[in-house]
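Just below is one structure, and these are the notes that go with it.
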Amino acid sequence: MTDAVHRIAGAPISWGVCEVPDWGYQLPADQVLSQMSEIGLSATELGPDGFLPADPDELAKTLAAHDLHAVGGFTPFVLHRDDIDPMIELDRLLPGFIAATADVMVLSADSGQTGYDSRPDLDEAGWHRLLHNLDRVAAHAAEHGIRAVLHPHVGTMVETGPEVQRVLDGSAVSLCLDTGHLLIGGTDPAVLAGQVPDRIAHTHFKDVDLTYARKVRAGRLTYTEAVREGMYRPLGTGDVDVAAIVGHLRGNGYDGWYTLEQDTILTEPPTGEGPVADVRTSVDYLRSLLAG
């Protein structure tokens, strides 16, 4: 890959585009991609089904029109239930990833419920199934040149520090280091980046107001409520030690993408600049760290 400063990617969720039903107002793809290009991003994650064209040729044309590459995409998989085979969903998704030359598939251990505000308890059989399926999905994706990584995520089956450790101990899958979801779930992402740098193959950078994160962790706010109230902050303005994380990654020779992925909820079409203002702030801050 090219120099780290040129490996900053965007994600549609930073513009409020999300797979969760009724998440909020959804901006059109052309506007989102145009703004990504205008602020100098090199690539984008694919976003939810329907955001970008499903036809491979149309997808390629759409990305090329905005001078963007596809870096990968966030893909919820139900991995813990015996009545759902994740390989079926994987085989549905692989052709699109291959056509887009997207080399990373960002898995979440989906709860099987709608949204991220609740999740079921997982017994030992469920954990065994989840870990086994993680390795199955990662191995099959690798056969097609795609690296599957697990994204610990609030409201999924892998959220808390002990759950992240169980994945590290019980499977061979690499991680997507999401600086926000880890912190909300009780894991210091800077500490994790220093402890297991070899297991980190992709990143999602967001900053967090720890006051809101603690309320979510304690059950005083739902995840959705906290996002709506402003839990996520532009990089450098919250409580995540972004500089330390970048230092750990670069010190270990990390050559993956630095993806800005800051969950945002829009209630209506934005006036003024809208979400791109916060993304630009984050891009400028991350560039300053990567250039240092």
**Q.** Heavy-atom check, side chain of Thr114 versus side chain of Asp22, under 4.5 Å
**A.** no
**Q.** Validation row: Arg217, Leu210 side chains within 4.5 angstrom (heavy atoms)
**A.** yes
Q.
Let me confirm one number: the CH2-CD1 distance from Trp23 to Ile13, rounded to the nearest 0.5 Å.
A. 5.0 Å
Q. To the nearest 0.5 Å, what is the distance between CG (Leu235) and OH (Tyr258)?
A. 13.0 Å
**Q.** Salt bridge flag under 4.0 Å for residues Glu273 and Arg280
**A.** yes
Q) Are Arg92 and Asp49 ion-paired here, with the side-chain N under 4.0 Å from a carboxylate O? A) yes
Looking just at side-chain N and O atoms, do [X] and [Y] make a donor-acceptor pair shorter than 3.5 Å?
| X | Y | answer |
| --- | --- | --- |
| Asp117 | Thr224 | yes |
| His66 | Asp30 | yes |
| His153 | Tyr223 | no |

(Q) Taking salt bridge (Lys or Arg N to Asp or Glu O under 4.0 Å) as the cut-off, I'd like each qualifying pair that reaches into residues 135-148, sequence neighbours left out, listed once. (A)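 Output for this query lists Asp85-Arg136.
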(Q) According to salt bridge (Lys or Arg N to Asp or Glu O under 4.0 Å), does anything in residues 169-194 pair up with another residue at least two apart or in another chain? List the pairs. (A)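 Applying salt bridge (Lys or Arg N to Asp or Glu O under 4.0 Å) to every pair that reaches into residues 169-194, excluding sequence neighbours, yields Asp178-Lys206.
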Any link between [X] and [Y] through a network of hydrophobic side chains (Ile, Leu, Val, Met, Phe, Trp, Tyr) touching at under 4.5 Å?
| X | Y | value |
| --- | --- | --- |
| Val78 | Leu150 | no |
| Leu94 | Leu107 | yes |
| Leu266 | Trp15 | yes |
| Val191 | Val158 | no |
| Leu131 | Ile84 | no |

Check: [Y] main-chain N/O paired with [X] side-chain donor or acceptor under 3.5 Å:
| X | Y | value |
| --- | --- | --- |
| Ser42 | His6 | yes |
| Gln26 | Gly16 | yes |
| Asp241 | Ala190 | no |
| Glu225 | Thr222 | yes |

Q: Not counting sequence neighbours, which residues clear salt bridge (charged side-chain N to carboxylate O under 4.0 Å, His left out) with Glu45? List them please.
A: none
Q) Who passes salt bridge (charged side-chain N to carboxylate O under 4.0 Å, His left out) against Glu124, sequence neighbours left out? A) Arg166
Q: Quick one: list whatever passes ring-ring contact (aromatic ring centres under 6.0 Å, His included) with Tyr285, sequence neighbours left out.
A: none
Q: Could you tell me which residues satisfy ring-ring contact (aromatic ring centres under 6.0 Å, His included) with His80, sequence neighbours excluded, listed by chain and number?
A: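 Per chain and number, His80 pairs via ring-ring contact (aromatic ring centres under 6.0 Å, His included) with no residue.
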